[in-house]
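Contents: one structure, followed by commentary.
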Amino acid sequence: MDIEEIAAEIIRCRKCDLHLERRKPVPGEGPEDAKVIFVGEAPGKEEDRVGRPFIGRAGGLLTDSLREAGLRREDVFITNVVKCRPPDNRNPRRDEISSCIPYLERQITAIDPEVICLLGRVALQALLKETTVSKVHGKVIQRDRTYMPMYHPAAVLRNPELRTVMIEDMRRLRRFLSDSNSRKD
Ligand code: URA
């Protein structure tokens with residue numbers, strides 16, 4: 001199943017109550033052959049209005065830090081653990097995550113990326129069952145797939161001293177990708 005078909009299912013989804021208050025579901029965006037998937041938490045107000053991931057302030061920071069590390073937003077796939085906005089931007093509940101996560105798993109299978117970047121605690125917990133971003137950010141973690149946890153850009157906005165950490169982690173990601181390219185040569 002390709003990424004468009006999965007997105008079409010997400011747009012029709014009513015598996016949990018988040019569909020009652022959402023304006024637009026946000027399946028994610030990026031090329032089907034992306035080498036990296038970024039996984040955030042859930043759409044915010046702006047994302048819910050437009051139907052695209054990470055387009056508010058946190059999204060601006062994500063785009064800028066990708067660029068500063070020499071990566072391009074257009075080359076990566078960006079999505080969230082939960083595809084519909086939780087009311088008042090509360091954290092997604094465990095039942096909402098378990099209803100929604102099969103979509104993310106199918107997106108990962110369809111794209112088959114070299115690395116999955118987990119932005120913040122909700123994504124880290126949902127995919128790796130770990131909770132402390134500060135212990136694992138910027139590390140390559142090998143499980144069923146290859147993961148790299150990072151700080152969530154919203155946390156960086158709240159805590160500006162994390163900005164250099166986030167950009168350094170993005171640079172590690174870029175080095176990991178160019179090393180894996182040269183391993184293939
Ligand atoms: N925060 C997220 O986790 N995801 C978005 O798409 C936007 C903000």
Side-chain angles (χ1 to χ4, degrees), residues 3 6-7 9-11 13 15-16 18-19 21-31 34 36-67 71-108 111 113 115-134 136-138 147-160 162-163 165-167 169-170 173:
I3 220 71
I6 300 167
E9 275 189 46
I10 292 169
I11 286 163
C13 183
K15 284 196 209 156
C16 80
L18 293 181
H19 82 274
E21 292 190 52
R22 72 177 178 215
R23 291 171 78 180
K24 290 201 174 149
V26 182
E29 66 184 21
V36 191
I37 298 185
F38 282 87
V39 183
E41 180 176 318
K45 191 171 181 195
E46 194 57 13
E47 292 78 16
D48 176 68
R49 192 178 67 77
V50 177
R52 293 179 53 212
F54 281 99
I55 53 164
R57 274 183 76 219
L61 178 58
L62 177 63
T63 309
D64 290 348
S65 54
L66 280 164
R67 188 172 345 100
L71 296 163
R72 295 182 336 152
R73 180 174 168 128
E74 313 83 86
D75 293 337
V76 304
F77 192 85
I78 303 178
T79 188
N80 287 296
V81 172
V82 162
K83 313 300 191 198
C84 296
R85 183 188 184 212
D88 302 320
N89 290 352
R90 64 162 170 76
N91 281 350
R93 291 196 314 249
R94 207 181 298 180
D95 58 311
E96 293 159 351
I97 294 176
S98 40
S99 308
C100 209
I101 206 137
Y103 292 124
L104 176 61
E105 289 165 352
R106 287 161 59 200
Q107 288 173 318
I108 292 171
I111 293 170
V115 53
I116 300 168
C117 285
L118 303 172
L119 298 172
R121 199 182 52 79
V122 169
L124 183 63
Q125 164 73 35
L127 283 138
L128 295 185
K129 313 287 172 232
E130 310 243 357
T131 50
T132 318
V133 180
S134 59
V136 290
H137 73 90
Y147 297 86
M148 186 183 281
M150 291 191 189
Y151 282 100
H152 193 288
V156 180
L157 287 173
R158 286 192 301 270
N159 232 331
L162 289 177
R163 196 172 197 281
V165 179
M166 184 177 189
I167 290 168
D169 289 350
M170 285 291 179
L173 169 66

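Indexing begins at 1, ligand by ligand and atom by atom, following the structure's order.
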Stepwise side chain to side chain contact (heavy atoms under 4.5 Å, CB included) test for Arg85 and Lys45
CA-CA 7 Å; Arg85 183 188 184 212; Lys45 191 171 181 195; 3.8 Å; yes
Tell me whether ligand 1 is touched by Glu46 - counting only heavy atoms on the residue side and a distance under 4.0 Å.
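The answer is no, since Glu46 has no heavy atom less than 4.0 Å from ligand 1.
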Indicate yes or no: does Arg90 engage Asp88 in a salt bridge with an N to O separation below 4.0 Å.
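No, Arg90 and Asp88 are not salt-bridged.
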Suppose I only count heavy atoms of [X] and a 4.0 Å limit; which atoms of ligand 1 are within that range?
{"X": "Pro53", "value": "6 (O)"}
{"X": "Gly40", "value": "3 (O)"}
{"X": "His152", "value": "1 (N), 2 (C), 3 (O)"}

What I want to know is whether Glu47 and ligand 1 share at least one N or O pair that is separated by under 3.5 angstrom.
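No, no N or O pair falls under 3.5 Å.
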Could you check whether any side-chain heavy atom of Asn80 comes within less than 4.5 Å of a side-chain heavy atom of Phe54, counting everything from C-beta outward?
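Counting from C-beta outward, Asn80 and Phe54 do come under 4.5 Å.
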Should one rank Pro92, Gly59, Ala42, Ala58 by closest heavy-atom distance to atom 5 (C) of ligand 1, which comes out on top?
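Heavy atom nearest to atom 5 (C) of ligand 1 belongs to Ala42.
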Can you tell me which residue pairs pass the side chain to side chain donor-acceptor pair (under 3.5 Å) test with a partner in residues 120-133, sequence neighbours excluded?
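The answer is Glu130-Arg143.
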Test side-chain contact (heavy atoms from CB on, under 4.5 Å) applied to Leu66 and Ile167, Leu71, Asp75, the passing residue
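Result: among Ile167, Leu71, Asp75, Leu71 is the only option passing the side-chain contact (heavy atoms from CB on, under 4.5 Å) with Leu66.
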Would you please name every residue forming a salt bridge (charged side-chain N to carboxylate O under 4.0 Å, His left out) with Arg163, sequence neighbours left out?
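If we apply the salt bridge (charged side-chain N to carboxylate O under 4.0 Å, His left out) test to Arg163, skipping adjacent residues, the hits are Glu68.
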Nearest-contact summary for atom 4 (N) of ligand 1 - protein heavy atom, Å
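Going atom by atom, the protein heavy atom closest to atom 4 (N) of ligand 1 ends up being Asn80 OD1, 2.7 Å.
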